[in-house]
Asks: 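Before we start, here is the structure in question, set down as structure tokens.
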Amino acid sequence: MTDATPDYRSTLNLPDTPFPMRGDLAKREPGWVKQWEEQGTYKRLREARCGAPKFILHDGPPYANGQIHMGHAVNKVLKDMIVKARQLAGFDAQYVPGWDCHGLPIENAIEKKHGRNLSRDDMQAKSRAYATEQIALQMGDFKRLGVLADWDRPYRTMDFANEAGEIRAFKRVMERGFVYRGLKPVYWCFDCGSSLAEFEIEYADKKSQTLDVAFLCAENDRLAAAFGLPSLAGDAFAVIWTTTAWTIPANQALNLNPKIEYALVETGKGFLVLAAVLVEKCLARFGLEGKVVATTLGENLGGIHFKHPLAHVDAGYDRLSPIYLADYATADDGTGIVHSSPAYGVDDFNSCVSHGMKYDDILNPVQGNGSYAPTLPLFGGQNIWKAAPVIIDTLKAHGRLMASETITHSYPHCWRHKTPVIYRAAAQWFVRMDEGVGVFTKDKAPKTLRQMALDAIDQTGFFPENGRARLRDMIANRPDWCISRQRSWGVPLPFFLHKDSGELHPRTMEILDQAADIVEQGGIEAWSRVTTEEILGAADAPHYTKSADILEVWFDSGSTFQHVLRGTHAKDAAGTVGHHDQGPEADLYLEGHDQHRGWFHSSLLIAAALHGRAPYRGLLTHGFTVDSQGRKMSKSLGNGIEPQKVSSTLGAEVIRLWVAASDYSGDISGDDKILARVVDGYRRIRNTLRFLLANISDFDAATDAVPADEMLEIDHYALARASELQAEILKHFTAYEFHPVVAKLQVYCSEDLGAFYLDVLKDRLYTTAPKSLARRSAQTALWHITQAMLRWMAPFLSFTAEEAWQVFAHGTASKQTIFTETYWPLPTPDAALLAKWNRLHEIRDLANKEIEAVRTTGAVGASLQANLVITAPSEDAALLRSLGDDLRFVTITSAVAVMDGEALSVAVTPSTSPKCERCWHYRDDVGADAAHPTICGRCVSNLHGAGEKRVVA
């Protein structure tokens with residue numbers, strides 16, 4: 001190039017922006033987290049929405065134990081996206097993060113570190129310190145994910161005010177008539193050393209030895225009479241079948257169904273009583289031959305006594321087991337006769353108690369640690385699982401074992417320890433689901449708790465809808481809720497029980513208030529230090545025992561709506577009232593689908609007990625994180641992806657986009673390959689955003705925006721398409737849907753913008769005069785699209801949207817955040833305009849396909865080297881001609897002719913015209929101006945004249 005040759009490249013309006021092509025997310029995101037914190041962004045959001053309608057998502061508290069995993073990340077990011085989407089919709093969308101702090105896992109962690117013999121005070125002090133440390137670690141990880149929340153004022157179930165609030169909530173449940181004390185078999189975990197709630201049980205396969213055991217009849221004459229026989233010539237036995245050998249030492253009865261027919265079978269080992277329909281199967285299992293000598297209905301056998309199968313082995317078992325009639329005995333399998341150890345089965349317990357057995361007479365030799373009491377004959381001190389084969393061998397050696405085999409069956413396990421649990425009778429406190437009067441009732445609820453909870457489910461929105469049936473089934477079929485636990489680190493049940501009668505102190509309700517006040521001042525530790533004499537006085541103290549039980553942790557988290565939304569956080573960080581005036585309900589609870597049996601469940605029961613309604617208007621559930629093979633992510637399988645690692649390598653934005661792009665209603669698949677695809681999708685969106693920002697860098701909407709009636713038609717179309725998409729996106733956001741938004745945004749970036757509108761626009765943006773109407777019209781459309789798109793992205797691509805916003809908002813950037821904005825108002829889409837340009841888009845796609853076919857032959861290079869002849873039916877032809885000379889800019893070719901014909905077709909020929917050095921179009925007028933021999937007439941006009949006139953594109 002000589003000095004005389006112009007540098008036409010420098011005359012182009014080339015895009016320019018400080019918004020980098022590379023996100024460099026892992027390095028740059030922590031800076032945004034720090035900025036949000038230092039600038040008090042969350043408080044600024046509250047101030048921006050002061051007085052606006054509220055949206056409350058109540059946080060289901062993660063447990064304060066251990067580093068967060070990808071399941072936590074999914075949960076928190078989903079919550080954050082929903083809250084931000086509502087914030088951008090104009091709501092005062094508050095988000096108070098919470099933590100669940102009490103309970104066994106923390107006690108276990110303390111015991112592993114400090115041993116098992118800590119005093120209650122020591123355990124509580126160390127547990128509080130440990131939970132505080134864990135919360136700080138988890139909070140850092142949550143912040144790193146870009147979650148905006150009231151991090152300065154989280155709620156923690158161990159905060160003194162929340163502990164006190166829980167006691168007050170419990171008092172109200174008592175007043176409503178739902179609390180009672182009872183001896184009942186409850187799930188018991190030996191590793192926890194405590195009872196478990198229904199929610200804490202999961203089922204897994206377990207190997208067990210089945211055994212058929214013979215009980216010798218103690219009343220042969222009564223048995224003979226029941227079968228219509230004058231007498232029996234020999235011993236007779238009732239045979240039971242069970243999978244729990246360990247319960248045999250505690251047997252106290254036999255259960256038969258009154259409606260089932262039973263047979264008396266004569267065998268070489270005596271007469272056997274069996275369900276008539278099972279005789280053949282049983283004899284085969286026993287390896288015996290026999291014949292039925294008589295049959296009778298079960299109702300005729302009630303009250304006949306049999307001897308314990310070990311009665312002749314040790315005097316400690318020399319007791320009788322009467323036959324009780326019970327519907328739960330069936331002839332589906334086994335022998336049709338159920339052995340009953342009332343301490344270890346709900347049906348057994350109910351049957352024995354209903355037949356007059358007193359609580360004090362129920363045998364309960366299994367201790368809380370899983371071993372028999374030392375005083376139990378033959379098996380004392382042994383662990384029950386290890387004792388099972390010993391019991392079987394003992395029965396066999398003494399002629400009472402008829403058969404035994406190994407089976408694998410579904411069995412309840414502790415969901416924390418993954419170890420088998422048992423039913424075990426214990427004196428516990430319960431919340432009653434059905435009719436009955438509780439302790440100290442003064443304001444009885446109008447309906448049963450079960451009915452109120454079921455009614456509340458009908459009033460709740462579910463996302464997805466199938467959650468409704470799941471929660472309804474659980475509530476409809478659940479037993480009474482055992483709410484007491486035998487642990488140290490938890491909110492106390494501040495009861496004093498009479499040493500002789502076991503009755504509560506008459507001033508119990510007063511004492512609950514007193515306890516709440518003490519706890520509010522000094523935490524649960526303060527109550528632990530209080531003596532019986534300090535509360536009851538010297539006269540009563542010697543007669544009462546202070547309960548050491550605590551409320552189970554599901555009561556902790558389940559009651560948080562009451563003392564967080566209505567109590568500690570009734571006002572938000574900006575000092576405005578944070579709850580709905582009409583009640584304590586949150587707009588949304590959001591957790592994994594396992595919480596139908598957990599937090600959703602306990603929260604519903606407590607709210608129904610207190611207020612007769614649910615604590616939430618909507619329930620959203622998401623699936624678990626799984627690998628690409630559908631296996632749940634776990635440490636043991638080594639198939640997990642750690643959020644900390646992903647954040648430090650790819651960036652937390654990639655996690656956010658992965659969550660947003662996943663259909664959370666099912667399980668959420670993730671691995672390195674899936675995340676790599678997410679990175680590709682992120683780059684597409686970022687590159688589109690960069691193009692937009694780069695091409696409006698010299699545009700000031702206040703002075704440069706073109707009035708709507710002066711904008712070019714394709715720019716109107718671009719805004720109409722953006723408006724159409726925005727309506728779809730906002731509808732998805734309202735239904736808490738994100739994956740369709742991500743999919744549509746990616747298609748929009750690649751197809752609507754990248755492959756069409758922006759592609760068409762480049763010539764006008766780059767080659768027309770900088771301040772020309774043609775260029776400013778395009779920039780006006782791009783400015784509006786950028787305004788809208790940044791807001792669409794902000795809920796899930798929060799770091800990128802904020803980064804881009806700082807560039808886009810120019811000089812006021814340091815004082816602004818995208819999250820105080822609301823969705824951008826776009827013009828109402830023109831249906832006719834959309835239809836017209838959608839059809840033009842289709843025709844252009846056909847043209848591109850034909851150009852590409854010719855390009856592969858080498859006849860043309862870039863599409864601008866091509867001339868087109870489009871033959872089209874009249875309607876399409878009229879559409880194409882309506883664009884005039886601007887049609888060539890839409891097809892990005894140098895010339896287009898439109899011909900009428902019956903079918904749509906495109907003919908491509910190489911241009912024979914010279915190429916303009918500046919705009920690269922092939923034009924006959926290149927060099928027409930002798931002063932500019934290498935550029936076309938329109939470039940000369942755009943540079944030195946009035947500028948070309950664009951009408952449509």
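Keep in mind the model is a prediction, meaning the values are calculated, not measured.
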Asks: Any cation-pi pair here, K54 with F91, using under 6.0 Å and within 45°?
Replies: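 No, K54 and F91 do not form such a contact.
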
Asks: Any Lys/Arg nitrogen of R631 or D627 sitting under 4.0 Å from an Asp/Glu carboxylate oxygen of the other?
Replies: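 Answer for the salt bridge query: yes.
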
Asks: Quick one: ring-ring contact (aromatic ring centres under 6.0 Å, His included) partners of Y95, sequence neighbours excluded?
Replies: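 In terms of ring-ring contact (aromatic ring centres under 6.0 Å, His included), with neighbours along the sequence ignored, Y95 is linked to no residue.
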
Asks: Report all side-chain donor-acceptor pairs from residues 671-678 shorter than 3.5 Å, counting only partners two or more places apart or in another chain.
Replies:
from	atom 1	to	atom 2	distance (Å)
D671	OD1	K673	N	3.1
D671	OD1	I674	N	2.8
D671	OD2	S628	OG	2.8

Asks: Report yes or no: is the cationic atom of R86 (NZ for Lys, CZ for Arg) closer than 6.0 Å to the six-membered ring centre of F55, at no more than 45° off its axis?
Replies: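 Yes - R86 lies over the ring of F55, closer than 6.0 Å to its centre and within 45° of its axis.
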
Asks: Between H58 and F561, is a ring-ring contact (aromatic ring centres under 6.0 Å, His included) present by the stated rule, with each step listed?
Replies: CA-CA 7 Å; H58 184 41; F561 71 88; 7.7 Å; no

Asks: Just to verify, which of W792, Y664, F733 counts as forming a ring-ring contact (aromatic ring centres under 6.0 Å, His included) with F738?
Replies: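 That would be F733.
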
Asks: Kindly indicate whether a cation-pi arrangement holds for K34 with W151, taking the cut-offs as under 6.0 Å to the six-membered ring centre and within 45° of the axis.
Replies: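 Because its charged atom misses either the 6.0 Å distance or the 45° angle limit, K34 does not stack over W151.
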
Asks: Do we get R721 above Y717's six-membered ring, with its NZ or CZ under 6.0 Å from the centre and within 45° of the axis?
Replies: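 Geometry flag: not set, cation outside 6.0 Å or 45°.
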
Asks: Regarding D80 and R656, does a basic nitrogen lie under 4.0 Å from an acidic carboxylate oxygen?
Replies: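 So D80 pairs with R656 through a salt bridge.
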
Asks: Check residues 618-625 and write down every donor-acceptor pair under 3.5 Å in which the side-chain atom is one partner and the other belongs to a residue at least two apart or another chain.
Replies:
from	atom 1	to	atom 2	distance (Å)
H622	NE2	N75	ND2	3.1
H622	NE2	G592	N	3.3

Asks: Tell me whether the NZ or CZ atom of R686 lies within the 45° cone about the ring axis of F691 and under 6.0 Å from its centre.
Replies: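 Negative - R686 is either too far from the ring of F691 or too far off its axis.
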
